[in-house]
2 protein chains.
Amino acid sequence: MPDQHTYNISQLAQEFDITTRTIRHYEDIGLLAPDRKGQTRIYSSGDRTKLKLILRGKRLGFSLEQSRNIIEMYDPASGNKEQLQSLLQGIEQQRQHLKHQLEEINLLMTDLDEAERICREQLNGNQP
Amino acid sequence: MPDQHTYNISQLAQEFDITTRTIRHYEDIGLLAPDRKGQTRIYSSGDRTKLKLILRGKRLGFSLEQSRNIIEMYDPASGNKEQLQSLLQGIEQQRQHLKHQLEEINLLMTDLDEAERICREQLNGNQP
DNA sequence: AGATTAGTTTACGTTAACGTAAACTTCCCC
DNA sequence: GGGGAAGTTTACGTTAACGTAAACTAATCT
């Protein structure tokens with residue numbers, strides 16, 4: 001049972017705190033392809049999910065081209081065996097990338113702990 | 001006992017797989033300030049650490065301006081009480097940001113699991 | 001001495017990801 | 001039926017983060 005809910009462009013812009021220009025830009029480069037009623041864009045909940053993935057990617061430092069790959073993974077997608085195999089590869093690559101990011105975050109967290117420790121030492125006038 | 005080891009620009013470029021132009025750019029905008037011998041740049045291990053932080057930040061999607069903050073935290077830094085307090089605030093903000101990123105990564109991981117499951121289903125012809 | 005090689009400065013060029021403005025259509029309200 | 005409000009297209013502008021090229025210098029090799 002497909003989700004029938006739809007959105008117009010300003011609703012999505014509000015929800016995700018971006019401009020309509022940004023959403024149209026994602027369409028310009030082929031990341032979104034909403035339906036049209038006349039010339040007005042109608043977004044499905046699938047479009048909304050894609051948009052959410054794009055923005056999630058952005059917050060993790062992904063380019064829009066990288067997000068394109070992520071979206072392709074999300075897509076239920078038709079696929080012959082080879083396409084599906086290469087998709088599995090892509091998924092695994094993404095996973096590795098994310099694992100790497102997890103490590104980097106942990107390293108930065110450690111640095112922050114260090115920084116805070118030193119900072120508090122200075123505030124306390126170097127008491128144990 | 002300070003680390004006396006030094007580096008020239010191409011050594012750092014090699015180690016981190018970036019161009020010398022990139023390193024000089026970071027100096028242009030005030031993220032690095034290596035010593036000079038004549039007009040040749042000499043990088044300390046502190047400079048190297050800063051560079052590493054910048055690049056780590058980049059891989060996590062931080063702008064160079066955000067990296068500037070991170071570097072300031074790393075700096076042993078002089079500081080009166082107010083500066084130290086605001087530094088502690090900055091550290092806490094960073095921590096929150098990183099925590100948020102951790103959540104996003106976990107969400108994306110889940111999406112990848114989903115994608116892989118669907119993908120394998122298709123490959124197996126929908127067997128349980 | 002002449003020629004590489006690695007460093008430098010200066011400055012214009014490029015790409016991604018939108019911002020911004022103009023000129024237009026549709027729909028709705030009073 | 002005039003005038004917002006929200007949608008649209010088209011197109012030029014902007015910012016961050018470097019790339020690229022030219023023209024120079026200093027040290028090193030042969």
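Lettering of chains follows the sequences in order, A, B, ..., and the numbering in each one begins at 1.
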Participant: Inspect the surroundings of CG in B/D17 and state if more than 12 heavy atoms from other residues, nucleotides or ligands are less than 6.0 Å away.
Facilitator: no
Participant: Looking for any heavy atom pair under 4.0 Å, which part of the strands does B/I29 touch: base, sugar-phosphate only, or nothing?
Facilitator: nothing
Participant: What side-chain donor-acceptor pairs closer than 3.5 Å can you find for residues 51-58 of chain B, not counting sequence neighbours?
Facilitator:
unit_1, atom_1, unit_2, atom_2, d
B/R56, NE, A/E104, OE1, 3.4
B/R56, NH1, A/D111, OD2, 3.3

Participant: How long is the line joining CD1 of A/I23 and P of D/dG7, in whole Å?
Facilitator: 10 Å
Participant: A/L12 CG to D/dA6 P: how many Å, rounded?
Facilitator: 16 Å
Participant: Within this structure, what is the NE2-to-P distance between A/H25 and D/dA11, rounded to whole angstrom?
Facilitator: 17 Å
Participant: Specify the residues of residues 39-52 of chain B, ordered by number, for which at least one heavy atom lies under 4.0 angstrom from an atom of DNA chain C.
Facilitator: B/Q39, B/T40, B/R41
Participant: Between A/I18 (CD1) and C/dT20 (P), how many Å, whole number?
Facilitator: 15 Å
Participant: Can a salt bridge be assigned to the pair A/E116 and A/R120 using a cut-off of 4.0 Å between side-chain N and carboxylate O?
Facilitator: yes
Participant: Among the nucleotides D/dC18, C/dT9, C/dC18, which one has an atom lying closest to any side-chain atom of B/R24?
Facilitator: C/dT9
Participant: Do the non-hydrogen side-chain atoms of A/Q66 and A/S63 ever get within less than 4.5 Å of each other?
Facilitator: yes
Participant: Can you tell if the side chain of A/F62 reaches within under 4.5 Å of the side chain of A/N69, non-hydrogen atoms only?
Facilitator: no
Participant: May I ask you to verify if any side-chain N or O of A/T19 is less than 4.0 angstrom from the OP1 or OP2 atom of C/dC18?
Facilitator: no
Participant: Scan B/E92, B/Q93, B/H100 and name whichever one has a side chain to side chain donor-acceptor pair (under 3.5 Å) with B/Q96.
Facilitator: B/E92
Participant: Can a donor-acceptor pair be found between the side chains of A/S44 and A/D47 at a distance below 3.5 Å?
Facilitator: yes
Participant: For B/E65 and D/dA16, what is the distance between atoms CD and C1' respectively, to the nearest whole Å?
Facilitator: 10 Å
Participant: Please give, in whole Å, the distance from C/dA11 P to B/D28 CG?
Facilitator: 12 Å
Participant: When you compare the side chain of A/L108 with that of A/E103, does any pair of heavy atoms fall below 4.5 Å?
Facilitator: no
Participant: Starting at atom OH of B/Y7, determine the distance to atom P of C/dG7, rounded to an integer number of angstrom.
Facilitator: 16 Å
Participant: Is the closest basic N to carboxylate O distance between B/E27 and B/R24 below 4.0 Å?
Facilitator: no
Participant: Contact class for B/T20 vs. all strands (heavy atom < 4.0 Å): base, sugar-phosphate, or nothing?
Facilitator: nothing
Participant: Choosing from D/dG19, D/dC18, D/dT9, which nucleotide comes nearest the side chain of B/Y26?
Facilitator: D/dC18
Participant: Which residue lies toward the 5' end of DNA chain D, B/F62 or A/N8, if each is placed at its nearest nucleotide?
Facilitator: A/N8
Participant: Could you tell me how far apart B/L32 (CG) and D/dA17 (P) are, to the nearest whole angstrom?
Facilitator: 14 Å
Participant: When you measure from the side-chain N and O atoms of B/T22 to the phosphate of D/dG19, is any distance below 4.0 Å, counting only OP1 and OP2?
Facilitator: yes
Participant: Is there a donor and acceptor pair closer than 3.5 Å between the side chain of B/R21 and the base of D/dT20?
Facilitator: yes
Participant: Can you tell me which nucleotide in D/dA17, D/dG7, C/dA17 comes closest to the side chain of A/S63?
Facilitator: C/dA17
Participant: If we fit an axis to the first five pairs and another to the last five of the helix from C/dA1-D/dT30 to C/dC30-D/dG1, what angle do they make, to the nearest 10°?
Facilitator: 0°
Participant: Check this for me: A/E114, atom CD, are more than 12 non-hydrogen atoms of other residues, nucleotides or ligands nearer than 6.0 Å?
Facilitator: yes
Participant: Base, sugar-phosphate, or nothing for A/K58, non-hydrogen atoms under 4.0 angstrom?
Facilitator: sugar-phosphate
